[in-house]
Amino acid sequence: MVPSASEQNEDSSISREQIIWQVVCTIPPGRVASYSQIARLAGLQGLARFVGRTMSQLPEGSDVPWHRVLKQDGRIAFPPDSNRFLHQKRRLTEEGVLIKNGRVPMSQFRWEP
DNA sequence: GCGATGACTCCTA
DNA sequence: CTAGGAGCCATCG
């Protein structure tokens with residue numbers, strides 16, 4: 001087989017999106033992770049932005065616990081007045097995640113793989 | 001092809 | 001604490 005330079009593979013190996021979602025699924029309830037950490041565990045260190053963009057493409061009703069992904073400083077990536085923000089915050093609270101002053105303490109920020 | 005935008009992060013002042 | 005700049009990738013006009 002001669003590899004073409006402009007060959008776009010959709011299904012060739014698991015796409016980065018799939019890996020990212022898979023990593024997110026490994027986050028246990030009661031814990032959270034940052035976009036950068038997800039990127040690192042997915043082998044895409046430094047591509048936190050790509051992780052965020054991938055999350056935006058995640059369809060609703062998915063099994064992926066997207067609400068457990070926060071910014072590096074422990075804050076939710078959505079505007080505080082946004083509906084998504086309230087939804088995510090509520091989801092986290094229901095799982096027992098402590099949110100102090102609008103952000104999650106580092107003690108819950110990382111989990112042991 | 002380029003600039004702007006987006007569920008980001010880091011460094012410096 | 002806030003502000004600005006740079007780096008990263010994919011999508012859109």
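Residue numbering restarts at 1 for every chain, and letters A, B, ... go by the order of the sequence lines.
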S.K.: List in chain and number order the residues that pass side chain to side chain contact (heavy atoms under 4.5 Å, CB included) with Arg103(A), two or more places apart in sequence or in another chain; answer none if no residue qualifies.
M.R.: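 Testing Arg103(A) for side chain to side chain contact (heavy atoms under 4.5 Å, CB included), a comparison that skips the adjacent residues, returns Arg75(A).
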
S.K.: Going by side chain to side chain contact (heavy atoms under 4.5 Å, CB included), name the residues that satisfy it together with Ala42(A), two or more places apart in sequence or in a different chain.
M.R.: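 Ala42(A) satisfies side chain to side chain contact (heavy atoms under 4.5 Å, CB included) with Ile19(A), Ile20(A), Val23(A), Leu44(A) once adjacent residues are dropped.
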
S.K.: On a heavy-atom basis, which atom in Ile27(A) and which in Trp111(A) lie closest, and how many Å separate them?
M.R.: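 Of all heavy-atom pairs spanning Ile27(A) and Trp111(A), the closest is CG1-CH2, 3.8 Å.
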
S.K.: Do any N or O atoms of the protein come closer than 3.5 Å to N or O atoms of nucleotides 11-13 of chain B, and which pairs are they?
M.R.:
none

S.K.: Using the heavy-atom set of chain A and a strict 4.0 Å cut-off, write down the first and last nucleotide of DNA chain C that makes it in, 5' to 3'.
M.R.: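 The contacted stretch runs from dC1(C) to dT11(C).
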
S.K.: Looking only at atom C1', what distance separates dA7(B) and dG4(C), rounded to whole Å?
M.R.: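 Nearest-Å result for dA7(B) against dG4(C) at atom C1': 22 Å.
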
S.K.: Which pairs would a plain distance check flag for residues 47-59 of chain A, meaning a side-chain donor or acceptor within less than 3.5 Å of a matching protein atom at least two apart in sequence or in another chain?
M.R.:
from	atom 1	to	atom 2	distance (Å)
Thr54(A)	OG1	Phe50(A)	O	2.7
Ser56(A)	OG	Arg53(A)	O	2.4

S.K.: Hey, can you pull the residues of residues 29-36 of chain A with a non-hydrogen atom under 4.0 angstrom from DNA chain B?
M.R.: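 Within residues 29-36 of chain A, the residues near DNA chain B are Ser34(A), Tyr35(A), Ser36(A).
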
S.K.: Hey, could you give me each pair passing ring pair (Phe, Tyr, Trp, His ring centres under 6.0 Å) that has a residue in residues 51-93 of chain A? Not counting sequence neighbours.
M.R.: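 Sorted pair list: Trp66(A)-His87(A).
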
S.K.: Take the protein atom CD of Glu17(A) and the nucleotide atom C1' of dA7(B), then report the distance between them rounded to whole Å.
M.R.: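 One finds 14 Å between C1' of dA7(B) and CD of Glu17(A), rounded.
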
S.K.: Enumerate the residue pairs fulfilling salt bridge (charged side-chain N to carboxylate O under 4.0 Å, His left out) with a member in residues 88-101 of chain A, sequence neighbours excluded, ordered by first and then second residue.
M.R.: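 Non-adjacent pairs meeting salt bridge (charged side-chain N to carboxylate O under 4.0 Å, His left out): Arg68(A)-Glu95(A), Arg90(A)-Glu94(A).
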
S.K.: Let's see if you get this right: which residues in residues 51-79 of chain A place a heavy atom under 4.0 Å from DNA chain C?
M.R.: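 Hits under 4.0 Å, by residue number: Arg53(A), Arg75(A).
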
S.K.: With a 6.0 Å cut-off (strictly less than), is the heavy-atom count around CG of Asp81(A), excluding the residue itself, greater than 12?
M.R.: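 Enclosed.
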
S.K.: Asp63(A) versus Cys25(A): any side-chain heavy-atom pair under 4.5 Å?
M.R.: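 In short, these two side chains do not touch, never coming nearer than 4.5 Å.
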
S.K.: Is Gln108(A) reaching over with its side chain to a backbone N or O of Leu98(A), donor-acceptor style, under 3.5 angstrom?
M.R.: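 Flag set: sc Gln108(A) to bb Leu98(A) pair under 3.5 Å.
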
S.K.: Enumerate, atom names and distances included, each donor-acceptor pair closer than 3.5 Å involving a side-chain atom of residues 30-37 of chain A, sequence neighbours excluded.
M.R.:
from	atom 1	to	atom 2	distance (Å)
Arg31(A)	NH1	Ser107(A)	O	2.5
Arg31(A)	NH1	Arg110(A)	O	3.4
Ser34(A)	OG	Ser36(A)	OG	3.0
Ser34(A)	OG	Gln37(A)	N	3.1
Ser34(A)	OG	Gln72(A)	OE1	3.0
Ser36(A)	OG	Gln72(A)	OE1	2.7

S.K.: How many Å lie between CD1 on Ile20(A) and P on dC8(B), as a whole number?
M.R.: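 Atom-to-atom, Ile20(A) to dC8(B), this comes out as 13 Å.
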
